[in-house]
Visitor: 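Quick one: this structure, given as structure tokens, is what I'll be asking you about.
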Amino acid sequence: MIKSFFAIFIFILLLLFSSPVYSIDTSSETLEKYTQKISNKFTRTFCNTTKFGISYEGALAFAIGETNKEFKNNKLNKLIDYSLLRNSIINDLENSCQIYDFDINNLENL
């Protein structure tokens with residue numbers, strides 16, 4: 001009797017004084033850094049493969065595959081604005097690799 005009363009008392013205390021747990025809020029800075037990281041990875045991979053003499057289509061497929069493989073399990077993927085990511089990749093390709101005729105529609109599989 002005393003044990004069950006004590007157990008119920010402890011259980012009630014735990015319920016009353018437990019603090020709620022909230023999920024981690026993702027800031028816009030974190031998303032921007034993550035988007036830039038993906039953009040840098042794609043740009044670096046695409047530029048390096050084209051410099052090795054791989055065709056444009058092959059370099060594109062390889063860069064998309066490598067980028068998807070590296071970032072596929074990240075929880076931030078659901079929160080990314082993919083139009084901003086594509087624009088960032090286009091800007092990075094123009095600035096880093098001097099590729100000015102890259103079609104943004106090629107990044108649909110990213």
Side-chain angles (χ1 to χ4, degrees):
M1 176 75 177
I2 292 177
K3 287 182 181 181
S4 60
F5 177 73
F6 184 69
I8 292 172
F9 179 73
I10 295 294
F11 181 71
I12 291 173
L13 284 178
L14 287 174
L15 286 177
L16 290 177
F17 295 110
S18 64
S19 61
V21 177
Y22 299 106
S23 64
I24 297 175
D25 222 4
T26 305
S27 68
S28 62
E29 273 184 40
T30 305
L31 285 175
E32 288 175 18
K33 286 180 183 179
Y34 182 63
T35 302
Q36 190 60 40
K37 186 176 179 181
I38 294 172
S39 177
N40 289 341
K41 168 66 177 170
F42 179 86
T43 303
R44 194 172 48 249
T45 306
F46 185 80
C47 291
N48 287 340
T49 52
T50 54
K51 288 178 185 176
F52 283 129
I54 297 176
S55 69
Y56 179 81
E57 291 81 17
L60 178 66
F62 181 74
I64 288 174
E66 286 294 311
T67 306
N68 285 341
K69 186 172 32 170
E70 184 171 336
F71 296 105
K72 71 179 176 182
N73 293 328
N74 199 312
K75 64 181 178 180
L76 296 177
N77 288 340
K78 295 179 275 185
L79 304 173
I80 290 178
D81 183 4
Y82 284 96
S83 63
L84 290 177
L85 174 63
R86 290 181 189 111
N87 290 333
S88 177
I89 289 172
I90 297 295
N91 289 336
D92 285 350
L93 286 173
E94 290 174 356
N95 295 333
S96 300
C97 302
Q98 289 72 37
I99 297 175
Y100 299 104
D101 59 345
F102 192 84
D103 188 15
I104 198 166
N105 294 327
N106 293 333
L107 297 174
E108 292 297 321
N109 295 334
L110 189 61

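Owing to the predicted nature of the structure, the values given are computational and were not obtained by experimental measurement.
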Visitor: With a 4.5 Å heavy-atom cut-off, do Phe71 and Leu76 have their side chains touching?
Guide: no
Visitor: Roughly how far, to the nearest 0.5 Å, is the OG1 atom of Thr45 from the CD atom of Glu70?
Guide: 7.5 Å
Visitor: Ser39 side chain to Thr35 main-chain N or O, any donor-acceptor pair under 3.5 Å?
Guide: no
Visitor: Could you measure the distance from the CG atom of Asp92 to the CD1 atom of Ile38? Nearest 0.5 Å is fine.
Guide: 12.0 Å
Visitor: Taking atom CZ of Arg44 and atom OG1 of Thr67, what is their separation to the nearest 0.5 Å?
Guide: 9.0 Å
Visitor: Would Leu84 and Tyr82 show up in the same hydrophobic cluster when neighbours are defined by side-chain heavy atoms closer than 4.5 Å?
Guide: no
Visitor: With side chain to side chain contact (heavy atoms under 4.5 Å, CB included) as the test, would you mind laying out the steps for Phe46 and Ile99 before giving the verdict?
Guide: CA-CA 10 Å; Phe46 185 80; Ile99 297 175; 3.3 Å; yes
Visitor: First locate atom CD1 of Ile89, then atom CG of Asn106, and finally report the distance between them rounded to the nearest 0.5 Å.
Guide: 11.0 Å
Visitor: For the atom pair CD1 (Ile90) and OG1 (Thr43), what is the distance rounded to the nearest 0.5 Å?
Guide: 8.5 Å
Visitor: Is there a donor-acceptor contact under 3.5 Å from the side chain of Thr50 to the main chain of Cys47?
Guide: yes
Visitor: Does the side chain of Ile54 come within less than 4.5 Å of Phe62's, by heavy atoms?
Guide: no
Visitor: With no hydrogens and no angle check, just 3.5 Å: does a side-chain donor-acceptor pair link Tyr56 and Asp101?
Guide: no
Visitor: Mind checking the CG-NZ spacing from Asn77 to Lys75? Nearest 0.5 Å is all I need.
Guide: 11.5 Å
Visitor: Are the side chains of Leu60 and Phe102 in touch, meaning some heavy atoms are under 4.5 Å apart?
Guide: yes
Visitor: Quick check: closest heavy atoms across Leu107 and Arg86, and the distance to 0.1 Å?
Guide: O-NE, 3.3 Å
Visitor: Does the side chain of Asn105 reach to within under 4.5 Å of the side chain of Glu108, using non-hydrogen atoms?
Guide: yes
Visitor: Could you go through Phe42 and Leu93, starting from their C-alpha distance and side-chain angles, then the distance that decides it, and tell me whether this counts as side chain to side chain contact (heavy atoms under 4.5 Å, CB included)?
Guide: CA-CA 9 Å; Phe42 179 86; Leu93 286 173; 4.3 Å; yes
